[in-house]
Amino acid sequence: MQPLPREPRVTAAPRRSLPDLARWVTAALSVCACAALVSTAWGARSTSRGLAPALERGLAESFLAEMPGEFGGPPTTRGMQSVLSRRHDAGLRALALVDDSGAVLSLVGSLDRTPVAPPARSGGASLRHVGTRVRYLPPMLGPPRPPWEAHFPPGPPPPRMLLEFEPIMVRAAIAESDRTLALSVVLSSLLLIAAAWFWRRSVHGEDLDRRTIQQDRLAELGKMTAVIAHEIRNPLAALKGHAQLLAESLDEGTSTRSQADRIVNASTRLERLVRDLLDFVREGPVTRRPCDPAALVREVADELKLGVQIDATAGIPLLMLDERRLRLALSNLLQNAAQAGAKTVTVGIVYEAGMLSLEVSDDGAGIDPHDVESLFEPFVTKRTRGVGLGLAVVRRVAQIHGGSVSASNRAGGGALFTMLLQAPPASG
Ligand SMILES: Nc1ncnc2c1ncn2[C@@H]1O[C@H](COP(=O)(O)OP(=O)(O)OP(=O)(O)O)[C@@H](O)[C@H]1O
Ligand SMILES: [Mg+2]
């Protein structure tokens, strides 16, 4: 026999998404880049703050070095005034000659209100922040010595030159480093947000790929199943019919009769399986017709010979529903409740804003919370004689109606299945 040519395998081209490793590498690089950016900016800020006193001292000494000395005496007021106006733009605000008690002998510009402390005897020059300014005062003895002192006759130490200035450049540098730090924090936050967004998108993309592939496989499986189920149905009906005839022709209680009965039972089970499979894979348009949901639940319960309590809100109109499919879904939910050992089954029916909610609750064994999602997958069953298609059919019916179904456990024990269906009123 000539082998049939194999059909090319059809799979959806997966949407491109980064693999796990690339995602981790990107996240790690983003975090490292943020850390490097912020720590560099923080370092620059600390450095500019740490260098501020040295820069202020250098600035003061450069002012002092410009002071013209009179031969044999300290600078005159005119000389000091000329330096002050020349260096005003650089921040110089006041120059004063101070004696060893801190008394001001001559002054150009205006001093801050903070009282002048006497100069130190020796050691380095004092540098104090007064108001918005920096006050610089050299010690009585020792460096730094301004140029004019070279011409001083020996004797008591000459008066000291006090300087007050605004450290404009130093402050600008510190403000700039603060701005850089703030900017790098903002940029790092944006980078982290972008990395998190990228992560989410990439995970979401992979989920989508997985679901698309799964749906494709299910669709393929569905088509195959439909063909097989359809082909089995007719010979199975013939097998069951003949087995029934055979069983009826045999005497009850004999071993051959019980064997024939076993064939009938097995064919009945197979028939159900085939029917369930065809129900599950059946496609075709949704046929919405006016339907009374409470009456439908009653009918299904009666068909199954189950005592079901119906709890419907008043005034629900006739709704446009695919009655045949909804009947199937209800039948599966009610049978499941009975199979879970429920003594009482209640169906709550609420209609609000075009949505029909059907809540099937029971006091049976309940469901394992870990299984809640997987129960709706085809062929997932916890029963030895189950096929695992009932809840898959329920989900399909809900989706066909533009709705959803969810499962949970009731607080008092037992399971609760909620179907939400889009159901326009028949009159609308
Ligand atoms: N009301 C319920 N209470 C407790 N467990 C339930 C209930 N409904 C469904 N389940 C669990 O979910 C599983 C899947 O149900 P589903 O109807 O899909 O398949 P099944 O009943 O096992 O087989 P079948 O295809 O014959 O319906 C069941 O095996 C059962 O473990
Ligand atoms: Mg079932």
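Atoms within a ligand are numbered from 1 in the order they appear, just like the ligands themselves. Note that the numbering runs from 1 along the sequence shown for the chain.
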Is A340 in polar range of ligand 1, meaning some N or O pair under 3.5 Å apart? no
Measure from the side-chain N and O atoms of R93 to the backbone N and O of S110, and report whether any donor-acceptor pair falls under 3.5 Å. no
Would E271 and S267 count as having a side-chain donor-acceptor pair, cut-off 3.5 Å? no
For atom 14 (C) of ligand 1, the option (of N336, V380, L416, V393) bearing the nearest heavy atom: V380
Distance, nearest 0.5 Å, that separates CD of E359 from CG of L420: 8.5 Å
Find all atoms of ligand 1 within a distance of less than 4.0 Å from any non-hydrogen atom belonging to I367, and give their numbers and elements. 4 (C), 5 (N), 6 (C)
May I ask you to check if R200 and W197 form a cation-pi contact, with NZ or CZ under 6.0 angstrom from the six-membered ring centre and within 45° of the axis? no
Between Y351 (side chain only) and A423 (backbone N and O only), is there a donor and an acceptor less than 3.5 Å apart? yes
Could you go step by step and tell me if M80 and L97 meet the side chain to side chain contact (heavy atoms under 4.5 Å, CB included) rule? CA-CA 10 Å; M80 286 159 64; L97 283 171; 4.3 Å; yes
Can you tell me if an N/O/S atom from T381 lies under 2.8 Å from the Mg ion (ligand 2)? no
May I ask which of V345, L391, L389 has a heavy atom nearer to atom 15 (O) of ligand 1 than the others do? L391
Any nitrogen or oxygen of G388 lying under 3.5 Å from a nitrogen or oxygen in ligand 1? Just yes or no. yes
Identify whether the distance between the nearest side-chain nitrogen and carboxylate oxygen of E323 and R327 falls below 4.0 Å. yes
Which ligand 1 atoms, with their elements, are less than 4.0 angstrom from a heavy-atom of T381? 20 (P), 22 (O), 29 (O)
Taking atom CZ as the centre, does R171 end up with more than 12 heavy-atom neighbours from other residues, nucleotides or ligands that are less than 6.0 angstrom away? yes
So the atoms of ligand 1 within less than 4.0 Å of a heavy atom of A337 turn out to be 1 (N)
For ligand 1, which atoms, with element, lie under 4.0 Å from some heavy atom of G366? 4 (C), 5 (N)
Per-atom filter on ligand 1: closer than 4.0 angstrom to a heavy atom of R272 are 26 (O)
For F376, state whether at least one heavy atom is located under 4.0 Å from any atom of ligand 1. no
If we ignore hydrogens and angles and just use 3.5 Å, is the side chain of R298 paired with the main-chain N or O of V308 as donor and acceptor? yes
Under 3.5 Å between any N/O of A365 and any N/O of ligand 1: does that happen in this structure? no
Residue, atom and distance of the protein heavy atom nearest atom 12 (O) of ligand 1 read L375 CD2, 3.3 Å
